2 protein chains.
Amino acid sequence: MRTLKYSRQRESIKNCLMNRTDHPTADALYLSIREEFPNISLGTVYRNLNLLVELGEIIKFTCGDGSEHFDFTTDQHYHFVCRTCGKIIDLPVSMVRSTSDFFTEEMPGHAETHALFFYGECNHCMESKLES
Amino acid sequence: MRTLKYSRQRESIKNCLMNRTDHPTADALYLSIREEFPNISLGTVYRNLNLLVELGEIIKFTCGDGSEHFDFTTDQHYHFVCRTCGKIIDLPVSMVRSTSDFFTEEMPGHAETHALFFYGECNHCMESKLES
DNA sequence: ATTATAACAGTAACAATTATCGTTATTATA
DNA sequence: TATAATAACGATAATTGTTACTGTTATAAT
């Protein structure tokens, strides 16, 4: 079995992700982390993000914009995607029901997890549209 | 304004997608259509699929496997993704409780559309696991 | 028939991600 | 504490899915 070894880069990636409320892509994180580690490699960012996903410490998802997003919040929750500014907002856990609670009829299989995305315009974008 | 012109390739792409219950990627469709048009270009498949999406005749979605899938069914419905065989099964909205029922709290914006995916194992895969 | 142009096939370009490779840093063991 | 084993590194090449470009062909309007 493989034994993990500490790395300052991984620590930094994890911390960086923890302190952000957006849901950055690997590349967005890479840009941030380069401030602390100017010569970190993009490959290292990808490698560690995927490792953290495997370990269950973070989650990864795609919302249809062509790239993967990473989220430090691992417990079940949903996302609101603003099509105007691109922001991805976490929807509070209080809204969440268990997977089986969704079904009214018999399913074509056993669903372990589910993902729910809302697409529209966030309050901030709607307000700034009124102002102009 | 641009006026559409008929093309046998587009017709074939549309028919092919209409006659499939899976939700093929552009590449999967390309392989099928080459049986009828041996020298069709993958670019033509992409171009026409995106055009059909623009026209609202088909829809496009990603379920997290890194590529876009195309669906002839345009009315609102959900998807069940089997993680064992990769099959994507359409779920009529009637099968799932109205999503708005779950949201007691205020949303952080105005949601125009939403997408809901279930991930697990389909009945077929569960059965073949029992047999072996 | 002629002309305009949408669509084509082929291919190059692109963006996101993963794999490779020689080197460095971390941890286990002597 | 020195040494050995190897996880992780940075740099870069390769891969994958998709889009854009280019010269040619097919469709439909005049």
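All values below come from the heavy atoms of this structure, side chains included, with hydrogens, waters and symmetry mates left out. This is a predicted model, so every value here is computed, not measured. The chains referred to below are lettered A, B, ... by the order of the sequence lines, with proteins before strands, and numbering in each begins at 1.
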| query | Out of C/dA7, D/dC9, C/dT27, which has the shortest distance to the side chain of A/Y6? | reply |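 Of the options given, the side chain of A/Y6 lies nearest C/dT27.
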| query | Taking the side chain of B/Q9 as its heavy atoms from C-beta onward, which of D/dT27, C/dA9, C/dT27 lies nearest to it? | reply |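 Out of D/dT27, C/dA9, C/dT27, the nucleotide with an atom closest to B/Q9's side chain is C/dA9.
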| message | For residues B/L52 and B/F37: do they belong to one hydrophobic cluster (side chain heavy atoms under 4.5 Å, members Ile, Leu, Val, Met, Phe, Trp, Tyr)? | response |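 Linked within one cluster.
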| query | Is there a donor-acceptor pair under 3.5 Å between the side chain of A/T104 and the backbone N or O of B/M95? | reply | yes
| query | If you measure from CG on B/L49 to CD1 on B/I59, what distance do you get to the nearest 0.5 Å? | reply | 12.5 Å
| remark: CD (A/E121) and CD (A/E127) are apart, to the nearest 0.5 Å, by 10.5 Å
| message | Please report whether the ring centroid of A/F102 lies less than 6.0 Å from that of B/Y78. | response | no
| request: Tell me whether the centres of the aromatic rings in B/H23 and B/H79 are closer together than 6.0 Å. | output: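 Aromatic pair counts; centres sit under 6.0 Å.
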Rounding to a whole Å, what distance do you find between [X]:[atom1] and [N]:[atom2]?
{"X": "B/R10", "N": "C/dA6", "atom1": "CZ", "atom2": "C1'", "answer": "8 Å"}
{"X": "A/L4", "N": "D/dC9", "atom1": "CG", "atom2": "P", "answer": "11 Å"}
{"X": "B/E11", "N": "C/dA7", "atom1": "CD", "atom2": "C1'", "answer": "14 Å"}

| query | Any side-chain donor paired with an acceptor under 3.5 Å for A/N48 and A/K14? | reply | no
| field | Charged tip of A/R10 within 45° of A/Y6 ring normal and under 6.0 Å | value | no
| message | Contact list please: residues 19-52 of chain A against DNA chain D, heavy atoms, distance less than 4.0 Å, in numerical order. | response |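 Result for residues 19-52 of chain A: A/N39, A/I40, A/S41, A/T44, A/R47, A/N48, sorted by number.
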| request: Taking only heavy atoms on the protein side, list every residue of residues 60-68 of chain A lying under 4.0 Å from any atom of DNA chain C, sorted numerically. | output: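 Within residues 60-68 of chain A, the residues near DNA chain C are A/G66, A/S67, A/E68.
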| task | For B/I13 and for B/K5, find the nucleotide of DNA chain C with the closest heavy atom, then tell me which residue's nucleotide is more 5'. | result |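 It is B/K5 whose nearest nucleotide is closer to the 5' end.
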